[in-house]
Structures are given as C-alpha cells and as structure tokens.
Amino acid sequence: MRALVTGATGFIGRRLLESIDDPVVLSRNPERSKAMLDGASLYRWDPTEGPPPLEALEGVEAVFHLAGDPVAGGRWTDEKKRRVRDSRVVGTQNLVRAIADSRNKPRVLVSASAIGYYGSRGDEVLSESSSPGSDFLADVCVGWERAAQGARELGVRVVNPRIGIVLGQRGGALSQMLTPFRLGLGGRLGHGRQWMSWIHLKDVVGLLLLAATQESIVGPMNVVSPAPVTNREFTQTLAGVLHRPAVFPVPAIALRIMIGGFSEVLLGSQRVLPVVAQSADYPFEYASLRAALLAAVEEETPA
C-alpha cells in the first residue's frame, strides 16, 4: 500500500512506518528526517503554512495524518495553546485542501484525534457516540475532527482515531514515568480515582491499519484498550512490574503549581471503551495493563 504519513518521526509515526510497504512522508525538515526514515519518499511541509505539494499525493491510497505540536512539555501559555490548536486544525485544513486539488484522491484519510475530545467525565463510560467535553483540549479535538471531515465531501472515507495514553518503546507517557518509579519515587496523581484509558503502541498501529483497510469504519474510533483503569491501579501495576513501591503521591495542587493547565489532563478522568474496534472484531494483542507494561518496560530496558 502506498500511504502518505504526517508526523512520521513521532512516537506513533515511526512504528506505523514499519508496517507500510511504500511510505510517503511529509516533514518540516526532510533532510533531518531522511536519516530516521530510510526508504520513504520525503517532501517538505509545514502544516500551518499552507497545503503540502500535490506530487506527494500521487498514487497514494491512504493518508495517515498524525502531525501536531506536542500537548505535553512546558506550561500552557497562550502561545503554546495556539501552536497546539493551529498545528492540528489549520494543518488538517491545509491537508484537505491538497486532497481537494489532487487528481487521484486517496481512498481514506485516517486523521488522528485524542480521547481529550470527551473532557473529564468522572466514572461515566464513554463510547464513540458520547458527546464532547467543554475544555481546551476537547475544543481542539472537535475542531481537528471537523477539519478532517471536510474530506468526506470529496468522496474520501474519513476515520478519526481518538487515541488514548500510549504505552511503548522509547517514547510516550511511559518514558516520563519510568525514572521516578525506578527510583521508588512513584505514586498516584491527586486522589488516584481518575480513569486512565491506555493502549499499547502495537495495538495503536494495528487499529490505524484497521481504520485504513476496513471500509465499514467511518468517523470516530476510540484507540484504547478494552480495560481502562484508575490512576491508582495504573501506578500500583507499574510499580509492581518494576518491583518498586508506589508510596509517593503527587498532590493535585502541586501538579497545578508545577505545570499549570496541563495538570488538568493528568488529573482528568476518561473511562473510554473501544466500541468500534470491538465491533470490527479487532484482536487486541495487549488487553491487560500488566501485559502491556511488561512488554513496554522490556522494550525500554537498554540491552
């Protein structure tokens, strides 16, 4: 399959590329990306500056749009929030403009979203049909998905994978957690009763490929495991996998002082189920948190 990928040098994108026979990559810096992405056709594109070059879409059957300014890292200043929003909403609008102008349009656009779409919902069980939240990230996700849906008017099937907390090799949330937990300094965040909807990186890639190939999947698809856990359970399981205690909780007020607005993401509660994936009989490789953490920690451990 000839597929176009944005965000290909990111945590998910690098792993996805391993499963694509004929990848085409859009990158802000193709020269730097070339060393990381051997065998891919590279084209320069800054998502917020305008549409990508039309030649990048020649012969492309599927588009995987994963690009977006990282949500984590640094305080949520007005400038940071603008970059987070524009890199997703404006970038997706520009990508759809290129699809509109292309001679032979792709069959499918798999345009990433996030479970931040739902906002913080306590113990409520959330499916793809649940309403959006009302906070900053929910608003970004709504605009992000709406921009991608513009491709439907062009006859392109559109899937919006709402991706949860991704566990895997050398990246994502787990890499930031491992050091304090290995030092025995890990613990729950806040009261620990907030729900975490997680997924192993291998299953993220599997579900993205399912979205691209299964014609019946249209619109939102929750990319999470079928077994969400509370933050307390997550931290206790991670500590057990590492054979360390988890006795140093981080108070909510301390998180808010340290990282500002992003603390609400860590303290928010999202109990999300992958209803669309289960209806499509997707065989999760990692349906249990312990198995996913064991695999991810083994991958993270230097040889």
Side-chain angles (χ1 to χ4, degrees), residues 10-12 14-15 70-74 114-116 118 120-123 125-126 137 161-207 222-259 262-274 277 284-303:
F11 179 45
I12 296 172
R14 294 195 308 270
R15 193 63 167 266
V71 172
I115 60 171
Y118 301 110
S120 182
R121 306 284 276 269
D123 292 330
V125 177
L126 302 166
L137 278 186
R162 294 173 181 165
I163 302 173
I165 300 165
V166 183
L167 309 176
Q169 183 179 8
R170 289 186 294 277
L174 186 61
S175 286
Q176 300 177 45
M177 299 178 195
L178 281 177
T179 297
F181 272 85
R182 281 178 169 148
L183 293 173
L185 301 175
R188 59 178 167 79
L189 301 179
H191 52 61
R193 296 188 298 276
Q194 67 271 31
W195 287 90
M196 298 176 66
S197 295
W198 60 272
I199 185 167
H200 191 279
L201 181 56
K202 286 185 178 179
D203 282 320
V204 175
V205 172
L207 285 169
N222 291 332
V223 178
V224 293
S225 86
V229 297
T230 63
N231 176 262
R232 184 189 297 272
E233 183 179 348
F234 185 96
T235 53
Q236 288 175 344
T237 303
L238 177 56
V241 164
L242 296 172
H243 306 291
R244 296 289 189 274
V247 294
F248 289 93
V250 182
I253 190 171
L255 273 178
R256 293 187 177 103
I257 291 171
M258 288 188 294
I259 59 176
F262 182 62
S263 64
E264 299 309 314
V265 176
L266 302 178
L267 297 168
S269 182
Q270 293 163 329
R271 190 179 184 180
V272 183
L273 295 181
F284 283 90
E285 187 165 350
Y286 295 100
S288 95
L289 177 62
R290 180 173 176 80
L293 286 174
L294 281 168
V297 167
E298 183 178 338
E299 292 168 344
E300 286 276 359
T301 302

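Only heavy atoms go into these numbers, but all of them, side chains included; no hydrogens, no water, no symmetry mates. One is the number of the first residue; the rest follow in order along the sequence.
A donor-acceptor pair is defined here as one N or O able to donate and one able to accept, closer than 3.5 Å; no such pair exists between the side chain of D203 and the backbone of S225. Panel note: side chain W198, backbone A227; a donor-acceptor pair is recorded below 3.5 Å. At distances below 3.5 Å, at least one donor-acceptor pair connects side-chain atoms of S120 with backbone N or O atoms of S269. One N or O on the side chain of Q194 and one on the backbone of L189 form a donor-acceptor pair closer than 3.5 Å. A donor-acceptor distance shorter than 3.5 angstrom exists from the side chain of S197 to the backbone of Q270, with no hydrogens or angles considered.
Take R121 and apply the side-chain hydrogen bond (donor to acceptor under 3.5 Å, both in side chains) test, not counting sequence neighbours, and it matches E124, S131. In this view, R193 and H191 satisfy the side chain to side chain contact (heavy atoms under 4.5 Å, CB included) rule, not counting sequence neighbours. The side-chain hydrogen bond (donor to acceptor under 3.5 Å, both in side chains) search around E264 returns R256, not counting sequence neighbours.
Among all heavy-atom pairs drawn from P249 and V247, the shortest one is CD-O, 3.2 Å. The shortest non-hydrogen separation linking F181 to T235 is CE2-O, 3.5 Å. Contact detail for L201 and R15: the closest heavy-atom pair is CD2-NH1, 3.5 Å. In terms of heavy atoms, L273 sits closest to P228 at CD2-CD, 3.9 Å. Contact between L174 and G168 at its shortest, heavy atoms only, is CD2-O, 4.4 Å. When every heavy atom of G192 is checked against every heavy atom of T230, the shortest pair comes out as O-CB, 3.6 Å.
In this structure, CD1 on I165 lies 11.5 Å from CD1 on I199, to the nearest 0.5 angstrom. Note: L289 CG to E233 CD = 7.0 Å, rounded to the nearest 0.5 Å. One distance of note links OH of Y286 with CG of L293; it measures 11.0 Å at 0.5 Å rounding. We find the NZ-CG distance between K202 and L167 to be 13.0 Å, quoted to the nearest 0.5 Å. Atom-to-atom distance recorded for N231:CG and R188:CZ is 8.5 Å, nearest 0.5 angstrom. Note that CG of L178 and CZ of R244 are 11.0 Å apart. Values are rounded to the nearest 0.5 Å.
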* Please lay out, stage by stage, how V272 and R162 fare under the test side chain to side chain contact (heavy atoms under 4.5 Å, CB included). => CA-CA 10 Å; V272 183; R162 294 173 181 165; over 6 Å; no

* **Stepwise side chain to side chain contact (heavy atoms under 4.5 Å, CB included) test for L266 and V250** => CA-CA 11 Å; L266 302 178; V250 182; over 6 Å; no

* To do: Decide yes or no on side chain to side chain contact (heavy atoms under 4.5 Å, CB included) for V71 and L137, but give the supporting numbers first.
  => CA-CA 9 Å; V71 172; L137 278 186; 4.1 Å; yes

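Using a 4.5 Å heavy-atom threshold, the side chains of V297 and R182 count as touching. Here the side chains of L126 and I115 are not in contact, with every heavy-atom distance at 4.5 Å or above. For the pair F248/P180, no side-chain contact is recorded, criterion being any heavy-atom separation below 4.5 Å from C-beta on.
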